[in-house]
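Encoded as structure tokens, the structure appears first; notes follow it.
Along the sequence shown, residues carry numbers from 1.
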Amino acid sequence: GLDAHQLVDPQARISQQQKLTIFRNVRRRTAVPEVGLRAGARQRLSDFGVYGYALVSSRTFGDAVMLGIKHVRLAGPVLEKRFRIDGDSAVFVGHDVLDLGDVLPLATEFWFASIHKLATCVLEGPMPSRRLLLPYARPPYAQAYERLFGCPVDFDAGVMEWHFDA
């Protein structure tokens, strides 16, 4: 449903359904199993547009997180996203409200890797990850998660949560 012009137009907007179609096409056509992790980790601050610049302009990382969660709809999410603080841990929480099925791992990888990249831009340093909990089975490339996030990863956890040092 997209034409070639839209792929290079920074003003182009895509629907949630078009985004899901892109995820399905990527999943079906890629020879790189960890493509979601790689694509998210390769994002630049400019890829987030005004949203990214607003976050990086925040006074503190906490302010950036709260602004990001408040305006997450600007990013066109396919997962419902929340944030909470549990003692000395902060937690990004995702919910699969669309029943993404076999696209869930790719969508989750892309989201968490993108947020990881954005967080390192905001912090101007490494993200203090503690644990990543995911609701799907451990993929053959699971070590790529641990290398990217620098923390233990639990699969089949029943939840989608990224814990980090508050």
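- Here side-chain hydrogen bond (donor to acceptor under 3.5 Å, both in side chains) pairs that include residues 94-104, with residues two or more places apart or in two chains, are Arg27-Asp102.
- In plain terms, the two heavy atoms of Ala113 and Leu37 that are nearest each other are CB-O, 3.5 Å.
- Using a cutoff of 4.0 Å between basic side-chain nitrogens and carboxylate oxygens, Arg84 and Glu161 are scored as salt-bridged.
- More than 12 heavy-atom neighbours from other residues, nucleotides or ligands sit within 6.0 angstrom of CZ on Arg130.
- Here Arg131 pairs with Asp154 under the salt bridge (Lys or Arg N to Asp or Glu O under 4.0 Å) rule; sequence neighbours left out.
- Put simply, the side chain of Thr30 never gets that close to the backbone of Val26: no donor and acceptor are under 3.5 Å apart.
- A distance of 9.5 Å separates CG of Asp156 from CG of Leu134, quoted to the nearest 0.5 Å.
- In this structure, Val97 is a member of the same hydrophobic cluster as Phe110, with clusters built from ILVMFWY side-chain heavy atoms closer than 4.5 Å.
- For the pair Leu20 and Ser15, the minimum side-chain heavy-atom distance is 4.5 Å or more.
- To the nearest 0.5 Å, the span separating CG on Asp165 from SG on Cys151 amounts to 12.0 Å.
- For the pair Asp3/Gln6, a side-chain contact is recorded, criterion being any heavy-atom separation below 4.5 Å from C-beta on.
- Closest non-hydrogen pair, Phe164 versus Trp162, comes out as CD2-O, 3.8 Å.
- In this structure, the side chains of Val93 and Val159 stay at 4.5 Å or more apart for every pair of heavy atoms.
- For Met160 against Leu104, the heavy-atom pair with the smallest separation is CE-CD1, 3.7 Å.
- Hydrophobic clustering keeps Trp111 apart from Leu133 (ILVMFWY residues linked when any side-chain heavy atoms are closer than 4.5 Å, directly or through intermediates).
- Taken from CG in Leu67 to NZ in Lys70, the straight-line distance is 7.5 Å, to the nearest 0.5 Å.
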**OP:** Begin with the C-alpha distance, continue with both residues' side-chain angles, and end with the deciding distance and a verdict on side chain to side chain contact (heavy atoms under 4.5 Å, CB included) for Gln16 and Leu98.
**Re:** CA-CA 10 Å; Gln16 192 174 57; Leu98 300 176; 3.8 Å; yes
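- Ile85 and Val91 fall into different hydrophobic clusters, defined by Ile, Leu, Val, Met, Phe, Trp and Tyr side-chain heavy atoms under 4.5 Å apart, directly or through other members.
- Residues that satisfy the ring pair (Phe, Tyr, Trp, His ring centres under 6.0 Å) test with Phe83, not counting sequence neighbours, are Phe92.
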Let me have the donor-acceptor pairs involving side chains of residues 137-144, under 3.5 Å, with sequence neighbours excluded, atom names and distances please.
| residue | atom | partner | partner atom | Å |
| --- | --- | --- | --- | --- |
| Tyr141 | OH | Pro33 | O | 3.4 |
| Tyr141 | OH | Glu109 | OE2 | 2.5 |

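- Note: Arg147 CZ to Glu34 CD = 7.5 Å, rounded to the nearest 0.5 Å.
- Ring to ring, Tyr145 and Phe112 are not that close: their centroids are 6.0 angstrom or more apart.
- Remark: the backbone N or O of Cys121 is not paired with any side-chain donor or acceptor of Glu124 at under 3.5 angstrom.
- In plain terms, the two heavy atoms of Gly68 and Leu55 that are nearest each other are N-CD2, 3.4 Å.
- In this structure, Arg29 has no side chain to side chain contact (heavy atoms under 4.5 Å, CB included) partners at least two apart in sequence or on a different chain.
- In Arg42, the CZ atom is not crowded: 12 or fewer heavy atoms of neighbouring residues, nucleotides or ligands sit closer than 6.0 Å.
- Here the shortest heavy-atom pairing between Ala119 and Met127 reads CB-SD, 3.5 Å.
- At distances below 3.5 Å, at least one donor-acceptor pair connects side-chain atoms of Ser129 with backbone N or O atoms of Phe149.
- With sequence neighbours excluded, the residues satisfying side chain to side chain contact (heavy atoms under 4.5 Å, CB included) with Ala107 are Phe23, Val78, Leu100.
- A distance-only check finds no donor-acceptor pair linking the side chain of Ser58 to the backbone of Thr60 [under 3.5 Å].
- Taken together through direct or relayed side-chain contacts under 4.5 Å among Ile, Leu, Val, Met, Phe, Trp and Tyr, Val56 and Leu118 form part of one hydrophobic cluster.
- Atom CG of residue Leu2 and atom CG of residue Asp9 lie 11.0 Å apart, to the nearest 0.5 angstrom.
- The environment of CZ in Arg28 is crowded: more than 12 heavy-atom neighbours from other residues, nucleotides or ligands sit within 6.0 Å.
- Across Leu148 and Ala41, no two heavy atoms sit closer than the pair CD1-CB, 3.9 Å.
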